[in-house]
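Structure, as structure tokens:
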Amino acid sequence: MVPRSALRVLIAAVVLTVCHPVGATSASMSPPLPPIRVAVLAYRGGDHANAVWEPTIRYLAGRFPDRGAEMVPLDLPGMEEAVQGRTVDFVLTNTGNYVELEARHGIARIATLQSSRTGTSGASVGSALIVRADRADIRDLADLKGRTVLASDPDAFGGFQVAWGEMVKAGIDPYRDLKELRFSGFPLDRIAFAVRDGDSDVGVLRACLLEELAAEGRIDPGRFRVLAPKAPPGFGCSVSTDLYPDWPLARLASTPETLAKAVAVALFQMPANDPAAAAGGYAGWTVPLDYQPVHALFRSLRIGPYRYLRELSLVDIAREHWQWLAVAALALLWWAIHSLRVEHLIKVRTAELHAANRGLRHEMAERRRAEEVARERQKDMDHIARLSILGEMASNLAHELNQPLGAISNYARGCTRRLEAGTGDPAQLAGATRAIAEQAERAGQIIARIRNFVRKRAPQPEPMDVNDGVHAAVALCEGQARTDSAAITLSLAGDLPPVLADRVQIEQVILNLVKNALDAMADTKPGGAGDAVRVVSIRTGRDREGRVEVAVADRGHGLAADAKARLFEPFFTTKPGGMGLGLSICRTIVEAHGGHLWASDNPGGGTVMRFVLPATTEEHRDDR
Ligand code: ADP
């Protein structure tokens, strides 16, 4: 059994032998050249393209018998695709499409179609803008504003784009300034008829069409007028625009140089009366013309390869919306001026505030200094007052001190006598020396109390029991009380809350009140019968508001109306050697502690001096 693969090889060999006769063996070594493929723009469909361009392709095929030539009719997108895919060797297309493909894909013209009517430059494509001869209101391109215009197609180069460029030069944007812009399509002669019949104010014709229609007798040239007519040198037709080069034949970048040269030569050699030229409506081929003016036109219109320029530039936006931009600029200017003004005001106010602040700081420093001076003065005054009150009590204090000193002296003498007589019983002597020590201690306590009281010091507030202050003050004036044969009775509450106060100052206040009470009773009968008894009663307790109250009551001469009114005035005194500072300082001290000091009549005669101090809060107690 023959294997299937071997069978396939055998069949292939037979087929190859049949297709290539033995005599052709040497030719089959190099494969036959493919035909020259020419893409042709079929802007009016394949049939029209065939009729117009097929003879030209046949002419080329005749010039290249070894490979022939074939025509590939394509529309605009098809052209792009063929060039991009390199499926053709040459491109025969209109001027506008050529410029686009050149810019995008680098195709290069090798010959330009020679029109039967050309100017001396060789260019032949242009437009004539026609109006009816009797339209005296449209004389210039600028008169197109607000008119109806009919052209062939937006993509037609000579049929619209060239005229468009001319309109823009005259300051007319056909898409914005016209009343209406319409496109007729083919055939183009209907444009002339529409203008003639008044269906459109203006018509755009490719150059020479008007003359051709007139020659054919289809229109009366006298009924038309070409707007802004130009007469390019050597060009037989009337046009409203410049002239541009006609269709080119271009090679692709991939097309071999030798082939391109050979095709160009073949085209240049085509006689003007060749049937191919006659079919294509041209008069042979010429060297490629300059297509830069077409680029310039497209760039100004932002079409074709320059469509990207349509992306709005800032300048365009500014030109379009200048009113709004002006308003925005004004608003911005106003805002800038406003901001500057606000900033300036802020700076001025800040400077003023700084100055005021400096002034305030200076004032506060001054006030602090003044307060400091006042505090110092107060301290001095307190001190002087304490010295003064002790000075008044000096004789009594000396007497007080004399007692232990005298006792010490007696005990010491007794001891000496017994020791000298040799009768000193050690137990008795020890008792005497113990007594000496006790008396010395008592004297020491008196001195310590006095020293404590008169020491110059800054107030030190701390929680204290007011009853302690009463005891300390009484200890200092007990001597005077004894001298004056007066009694001091105490009635002190046991459950008093502490007060936050300076111990010595409170003692000073109580001592002052007791001393004044003793002084007021100088004329009262000592220990006499009836109400007139020299007694100073000191009572402590709490008032209705929970404050700690101290009352010092006497049975003295009481307060006259004048004394009642001026009691707390500095230097008010009714005593011959008095300074009149005691009570004013006492009130200052009590008020500095948040309390209050006042006088009232004692119902049984005499005076009651009272002061209250706020009880310490929990917080203060915790601080201890
Ligand atoms: P001084 O004791 O040096 O006179 P004070 O300021 O202590 O100064 O007292 C002022 C005056 O108030 C006394 O001179 C006295 O007239 C009067 N005064 C003070 N306490 C009493 C009192 N308990 N009874 C009557 N008068 C008093």
Side-chain angles (χ1 to χ4, degrees), residues 377-397 453-454 469-470 472-474 476-481 483-491 504-526 528 531-540 549-593 595-612:
R377 292 238 171 91
Q378 187 63 44
K379 209 163 86 185
D380 289 347
M381 293 275 280
D382 288 359
H383 186 225
I384 290 167
R386 285 199 297 276
L387 285 177
S388 137
I389 196 168
L390 270 197
E392 287 172 29
M393 291 160 52
S395 58
N396 289 308
L397 285 172
F453 189 72
V454 295
V470 173
V474 170
L476 279 171
C477 58
E478 257 173 348
Q480 184 181 348
T483 312
D484 292 354
S485 308
I488 298 175
T489 63
L490 302 181
S491 166
V504 174
Q505 284 187 329
I506 298 304
E507 207 177 298
Q508 178 179 350
V509 171
I510 299 169
L511 178 60
N512 228 311
L513 300 183
V514 175
K515 167 87 176 37
N516 277 347
L518 290 173
D519 288 350
M521 293 191 299
D523 297 332
T524 310
K525 279 187 191 155
D531 292 338
V533 181
R534 289 189 190 168
V535 179
V536 179
S537 341
I538 305 176
R539 202 180 52 76
T540 60
E549 184 181 281
V550 179
V552 179
D554 64 65
R555 295 282 184 169
H557 53 67
L559 294 166
D562 176 52
K564 215 179 251 178
R566 304 179 53 198
L567 203 55
F568 297 102
E569 273 180 25
F571 306 113
F572 170 76
T573 180
T574 57
K575 300 172 194 170
M579 277 174 65
L581 280 176
L583 284 182
S584 91
I585 289 174
C586 287
R587 178 172 263 188
T588 310
I589 290 174
V590 170
E591 286 176 356
H593 283 80
H596 182 50
L597 168 66
W598 73 101
S600 56
D601 293 329
N602 194 352
T607 308
V608 183
M609 298 297 297
R610 277 196 183 80
F611 70 91
V612 285

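In each ligand, atom 1 is the first atom listed, and ligand 1 is the first ligand listed.
The side chain to side chain donor-acceptor pair (under 3.5 Å) search around Thr540 returns Asn467, not counting sequence neighbours. Residues meeting the salt bridge (charged side-chain N to carboxylate O under 4.0 Å, His left out) test with Arg386, sequence neighbours left out: none.
Residue pairs that meet the salt bridge (Lys or Arg N to Asp or Glu O under 4.0 Å) test with at least one member in residues 506-516, sequence neighbours left out, are Glu392-Lys515, Lys515-Asp519.
Side-chain contact annotation: Asp382 with Gln505, donor-acceptor N/O pair under 3.5 Å present.
Looking only at side-chain heavy atoms (C-beta outward), Asp484 and Met521 stay at 4.5 Å or farther from each other. With a 4.5 Å cut-off on side-chain heavy atoms, Asn602 and Thr607 do not count as touching.
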Provide, line by line, the atom pairs where ligand 1 and the protein bring an N/O atom each to a distance under 3.5 Å; else say none.
{"unit_1": "ligand 1", "atom_1": "2 (O)", "unit_2": "Asn516", "atom_2": "OD1", "d": "3.2"}
{"unit_1": "ligand 1", "atom_1": "2 (O)", "unit_2": "Lys575", "atom_2": "NZ", "d": "2.6"}
{"unit_1": "ligand 1", "atom_1": "3 (O)", "unit_2": "Met579", "atom_2": "N", "d": "3.1"}
{"unit_1": "ligand 1", "atom_1": "3 (O)", "unit_2": "Gly580", "atom_2": "N", "d": "3.0"}
{"unit_1": "ligand 1", "atom_1": "4 (O)", "unit_2": "Thr573", "atom_2": "OG1", "d": "2.5"}
{"unit_1": "ligand 1", "atom_1": "6 (O)", "unit_2": "Gly582", "atom_2": "N", "d": "3.4"}
{"unit_1": "ligand 1", "atom_1": "6 (O)", "unit_2": "Leu583", "atom_2": "N", "d": "2.9"}
{"unit_1": "ligand 1", "atom_1": "7 (O)", "unit_2": "Asn516", "atom_2": "OD1", "d": "3.3"}
{"unit_1": "ligand 1", "atom_1": "7 (O)", "unit_2": "Asn516", "atom_2": "ND2", "d": "2.9"}
{"unit_1": "ligand 1", "atom_1": "14 (O)", "unit_2": "Thr573", "atom_2": "OG1", "d": "3.2"}
{"unit_1": "ligand 1", "atom_1": "14 (O)", "unit_2": "Thr574", "atom_2": "N", "d": "2.7"}
{"unit_1": "ligand 1", "atom_1": "14 (O)", "unit_2": "Thr574", "atom_2": "OG1", "d": "3.2"}
{"unit_1": "ligand 1", "atom_1": "16 (O)", "unit_2": "Thr574", "atom_2": "OG1", "d": "2.3"}
{"unit_1": "ligand 1", "atom_1": "23 (N)", "unit_2": "Asp554", "atom_2": "OD2", "d": "2.9"}
{"unit_1": "ligand 1", "atom_1": "24 (N)", "unit_2": "Thr607", "atom_2": "OG1", "d": "3.3"}

